[in-house]
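Notes for the one structure printed next.
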Amino acid sequence: KQEVTQIPAALSVPEGENLVLNCSFTDSAIYNLQWFRQDPGKGLTSLLLIQSSQREQTSGRLNASLDKSSGRSTLYIAASQPGDSATYLCAVRLGWGGSEKLVFGKGTKLTVNP
Amino acid sequence: EPEVTQTPSHQVTQMGQEVILRCVPISNHLYFYWYRQILGQKVEFLVSFYNNEISEKSEIFDDQFSVERPDGSNFTLKIRSTKLEDSAMYFCASSDRVNTEAFFGQGTRLTVV
C-alpha cells in the first residue's frame, strides 16, 4: 500500500528565505507526482506536476524535483513571501494503467513571517 | 482560466438525511473524481468516473455513496443516509486524460449534526 509522508509537518521562516519541503513515498512505481497548495478552508491549487520520467519541474519561484528510485520529491521555494503561507500537499498517482487515484501526504504547513 | 466549480460551499444536514453535492468539472475534461478531507487528516480518494461509469472506488465508497453525471456538465456525489463521520470537506476534481494533472474545486464543507 502506497504511503506518502511529508516532513516537516510545519515550518516557519522569515520572509526572503529559500526553503525546501520534503515528500517521500513507499512504492516507487508511480506514474507522476503533483504538488498542491491549500489555503485554510479552501480547495487545492495545483502547483507542479512531475511525470515519473522527469527529474524536475519549475514554475516561477517554485522548483520540484523527483527521485523515483529513492521515493523522494522536494519542493524548493525561492525568496519566500508572506503570501506563500499555506499548507503544501504532495500526491502521487500510482503506476500507469493500474490506478487513477492520487495518494496524498498530510502536508507541510508553511508560515512566512514578514 | 477554466476551473472546477462546486456547490454549495457549505451544507449542514441532519444525520440520516440524504445530501447531493454538485460539481461542474472543466468543460473538456473526461475524468472526474471525488475526494474528501476529514478535519486534520489527509485528503482521501473516494471514486473516479469515466465514460459514464465508475472506473475506480475506494473502500470508503460503500453503498451509501453514489455518483452521477446527469447531463453534459454536472457531476454529483450523493450520500444516501448521512452519518456523523461523513462530516468532511468534499472535493471534486477533473482531468483531461487519465494520469494527467488533476484540477480541484474549492470544496463543499459537509457538516452532519
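Quick caveat: nothing in here was measured; it's all calculated off a predicted structure. The figures that follow rest on heavy atoms only: side chains count, while hydrogens, waters and symmetry mates do not. In what follows, every chain begins at residue 1, and chains take the letters A, B, ... in the order their sequences are listed.
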Quick check for you: to the nearest 0.5 Å, what is the distance between B:Arg109 atom CZ and A:Lys42 atom NZ? 10.5 Å
Is there a side chain to side chain contact (heavy atoms under 4.5 Å, CB included) between B:Phe45 and A:Phe104 once you walk through the steps? CA-CA 9 Å; B:Phe45 170 79; A:Phe104 282 82; over 6 Å; no
Counting only heavy atoms closer than 4.5 Å, note whether A:Val4 contacts chain B via side chain, backbone, both or neither. backbone
Chain A contacts, top residue of B:Gln37, B:Met89, B:Glu3 (heavy-atom pairs, under 4.5 Å): B:Gln37
Spacing of A:Lys101 atom NZ and B:Tyr35 atom OH [to the nearest 0.5 Å]: 9.0 Å
Does a sphere of radius 6.0 Å around NZ in B:Lys57 hold more than 12 heavy atoms from other residues, nucleotides or ligands, not counting ones at 6.0 Å or beyond? no
Is the CG atom of B:Leu39 crowded by more than 12 outside heavy atoms at less than 6.0 Å? no
ILVMFWY network linking A:Phe36 to B:Val43, side-chain heavy atoms under 4.5 angstrom: yes
Heavy atoms of other groups near A:Arg72 CZ, more than 12 under 6.0 Å: no
Contacting region of B:Ala102 [heavy-atom separation from chain A under 4.5 Å]: both
Checked A:Thr45, A:Leu102, A:Asp39, A:Leu49 vs chain B; the most non-hydrogen pairs under 4.5 Å come from A:Leu102
Where on A:Leu89 is there a heavy atom nearer than 4.5 Å to chain B: the side chain, the backbone, both, or neither? side chain
Rounded to the nearest 0.5 Å, what's the gap from OG1 on B:Thr100 to CD on A:Gln34? Could you check? 8.5 Å
Would you say A:Leu47 ends up clustered with A:Leu11 if hydrophobic residues are merged whenever their side chains have heavy atoms under 4.5 Å apart, either directly or through other cluster members? yes
Decide whether A:Val13 and A:Ile77 are clustered together by the hydrophobic rule: side chain heavy atoms of Ile, Leu, Val, Met, Phe, Trp, Tyr closer than 4.5 Å, transitively. yes
Measure distances from B:Gln41 to the heavy atoms of chain A and classify the residue's part below 4.5 Å as side chain, backbone, both or neither. backbone
What distance do B:Phe104 atom CZ and A:Gln38 atom CD have between them, rounded to the nearest 0.5 Å? 10.0 Å
Are there over 12 heavy-atom neighbours, none belonging to B:Asp63, within less than 6.0 Å of that residue's CG? no
How about B:Gln14: does its CD atom have over 12 heavy atoms from other parts shown lying under 6.0 Å from it? no
